[in-house]
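Chain A is the first sequence line, chain B the second, and so forth, proteins listed ahead of strands; every chain is numbered from 1.
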There are 2 protein chains.
Amino acid sequence: MKLYTYFRSSAAYRVRIALNLKGLHYDALPVHLLKDGGQQRQEEYRQINPSGLVPAFQDDRITLTQSMAIIEYLDERFPAVPLLPQDVAGRARVRELAQIIACDIHPLNNLRVLRYLVHELKLDEDAKNAWIRHWIGEGLASLEAHLARDPAAGPFCHGGAPTMADCFLVPQVFNAQRFDIDIAAYPNIARINALCVDMPAFVAAHPSKQPDAE
Amino acid sequence: MKLYTYFRSSAAYRVRIALNLKGLHYDALPVHLLKDGGQQRQEEYRQINPSGLVPAFQDDRITLTQSMAIIEYLDERFPAVPLLPQDVAGRARVRELAQIIACDIHPLNNLRVLRYLVHELKLDEDAKNAWIRHWIGEGLASLEAHLARDPAAGPFCHGGAPTMADCFLVPQVFNAQRFDIDIAAYPNIARINALCVDMPAFVAAHPSKQPDAE
């Protein structure tokens, strides 16, 4: 298995956590998002992922992009350490939590969007940071409200073991902290994050532990 | 079953298509995104969806938000008309296609983001439209490239019957056309859309056919 990855990419970080939780060995192939005008946008990488984004995943059967699709694929192929609950409602809830991050928070703050804000809209550093903080703040508040109201939230996002939702939560918190957002304002998120970050699977997936870390 | 919906919401439109494809009856509860400062942001609706976004779905077992989580839930509870293929690789591919739309295109162009561009960043109409066209154009080009390279694309996004990917494609095309984007530049997308839009399940889900249509 190969993972095309960038150490600081939130979406790649999610997949690294999932692979580690399942104990799957993979080859990390770094794609540098800043070097050479963005290696992810070069023709060679677009043969792997025409979208020009990381991560991309390959095994003997498939080339796959989109972090959530990759994690669901891993969960179906290697079910031994499940990342989705067995019950229909539980599965729906875990997907919902992951999608709050994947659809409502992260897309507004990734590299290509920040580039557009700076290069096309000529935003200064303050306005760019206000944008980032606005969307992360709104998104984490939503996620916190969903976690707070649901009795299925356990020590982790859903119950007593990490699920796909935790694979999404930890990289989003890492991303928020890079922009000096204090996650103490979101007690359930802070609590779950603190529990996860010390687990070996999460530690090994951390950006600072990647072969391409700077 | 209840669907909190807004006729023009792309995310609600996806779920309406899925419900119709499965032949499921539901009560449509309109949430007006523009009236009363946005009914989706009011306390009453936030009891249903703390994120303050449509759609939200309720049945006797669950209250659920996020269009993709809702559709996967429907597919697991009512498998008679499947919206995901049976094989693991096919399922992964359908999720990937849906997520290209759900994660890489739509989040950048929904109402709350356009509002921020106009009210906070003071973008004029031209700059706002350039933003919309940029992200939809880039996203549809990615989707087109994914469809073009994969032999599993059939008359529909994946094979010979509509899947979750088609539930996402049609509302995204509708949205693109609202902003005068010519989808003829994306031949696979245009072809699949043309096939879908005349099917009864898609016709009945169209914004113009909703009880709250204006």
Side-chain angles (χ1 to χ4, degrees), chain A residues 11 46-47 49-53 57 61-74 76-77 87-89 91-100 102-108 110 112-113 116-117 120-121 123 127 130-131 134-135 138-139 141-150, chain B residues 11 46-47 49-53 57 61-74 76-77 87-89 91-100 102-108 110 112-113 116-117 120-121 123 127 130-131 134-135 138-139 141-150:
Chain A
R46 284 193 190 270
Q47 298 291 326
N49 182 3
S51 300
L53 298 168
F57 170 87
R61 302 189 195 179
I62 200 167
T63 295
L64 194 57
T65 68
Q66 293 293 335
S67 59
M68 205 175 345
I70 296 168
I71 294 174
E72 294 241 15
Y73 172 79
L74 292 172
E76 295 189 356
R77 261 209 79 181
D87 63 303
V88 172
R91 296 161 69 80
R93 185 167 174 276
V94 167
R95 289 184 176 122
E96 175 189 51
L97 295 172
Q99 287 161 24
I100 290 171
C103 303
D104 296 346
I105 309 180
H106 180 65
L108 294 163
N110 66 15
R112 61 186 191 139
V113 173
Y116 191 100
L117 294 177
E120 304 299 322
L121 301 185
L123 258 56
W131 165 281
H134 174 79
W135 296 116
E138 189 154 303
S142 292
L143 182 63
E144 176 66 23
H146 280 269
L147 289 168
R149 76 168 178 179
D150 199 316
Chain B
R46 284 193 190 267
Q47 297 291 326
N49 181 4
S51 299
L53 299 167
F57 171 87
R61 302 189 196 179
I62 201 167
T63 295
L64 194 57
T65 69
Q66 293 293 335
S67 59
M68 204 174 347
I70 296 169
I71 294 174
E72 295 241 16
Y73 172 79
L74 293 171
E76 295 190 354
R77 262 210 77 181
D87 62 304
V88 172
R91 297 162 69 80
R93 184 168 173 275
V94 167
R95 290 184 176 123
E96 174 188 51
L97 295 172
Q99 287 161 25
I100 290 171
C103 303
D104 295 346
I105 309 179
H106 180 65
L108 294 163
N110 65 14
R112 62 186 191 139
V113 173
Y116 192 100
L117 294 177
E120 305 298 323
L121 301 185
L123 258 56
W131 165 280
H134 174 79
W135 296 116
E138 188 153 302
S142 292
L143 182 63
E144 176 67 22
H146 280 269
L147 289 168
R149 77 168 177 178
D150 199 315

With a 4.5 angstrom heavy-atom cut-off, which part of [X] approaches chain A: side chain, backbone, both or neither?
{"X": "B:Glu144", "result": "neither"}
{"X": "B:Trp131", "result": "both"}
{"X": "B:Ile70", "result": "neither"}
{"X": "B:Arg61", "result": "neither"}
{"X": "B:Val113", "result": "both"}
{"X": "B:Ile62", "result": "side chain"}
{"X": "B:Leu117", "result": "side chain"}
{"X": "B:Ala148", "result": "neither"}

- Task: Could you check which of A:Gly52, A:Ser67, A:Ala92 has the highest count of heavy-atom pairs closer than 4.5 Å to chain B?
- Result: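 Going by pairs under 4.5 Å, I would pick A:Ala92.
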- Query: Any idea which of A:Arg91, A:Glu120, A:Glu76 has the most non-hydrogen atom pairs under 4.5 angstrom with chain B?
  - Reply: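 Between A:Arg91, A:Glu120, A:Glu76, the count favours A:Glu76.
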- Query: Under the side-chain hydrogen bond (donor to acceptor under 3.5 Å, both in side chains) test, which residues partner A:Asp87, sequence neighbours left out?
  - Reply: none
Can you tell me how far the [atom1] atom of [X] sits from the [atom2] atom of [Y], to the nearest 0.5 Å?
{"X": "B:Gln99", "Y": "A:Cys103", "atom1": "CD", "atom2": "SG", "value": "7.5 Å"}
{"X": "B:Arg95", "Y": "A:Arg95", "atom1": "CZ", "atom2": "CZ", "value": "5.0 Å"}
{"X": "B:Ile100", "Y": "A:Leu53", "atom1": "CD1", "atom2": "CG", "value": "9.0 Å"}

- Query: Of the backbone (N, CA, C, O) and the side chain (C-beta and beyond), which part of A:Ala130 lies under 4.5 Å from a heavy atom of chain B, both, or neither?
  - Reply: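 Both backbone and side chain of A:Ala130 come within 4.5 Å of chain B.
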- By a 4.5 Å heavy-atom criterion (distance strictly below it), what part of A:Arg149 contacts chain B: side chain, backbone, both, or neither? side chain
- Closest approach of A:Ser142 and B:Pro50, non-hydrogen atoms and distance?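 Heavy-atom minimum between the residues: OG-O, 4.2 Å.
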- Hey, does A:Arg112 have a side-chain heavy atom less than 4.5 Å from the side chain of B:Asp104? yes
- Query: Between A:His134 and B:Tyr116, what is the ring plane arrangement, given parallel below 30°, perpendicular above 60°, and tilted in between?
  - Reply: tilted
- Message: Check whether B:Glu96 reaches the backbone of A:Thr65 with its side chain - one donor and one acceptor, N or O, closer than 3.5 Å.
- Response: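 Side chain of B:Glu96 to backbone of A:Thr65: a pair is present.
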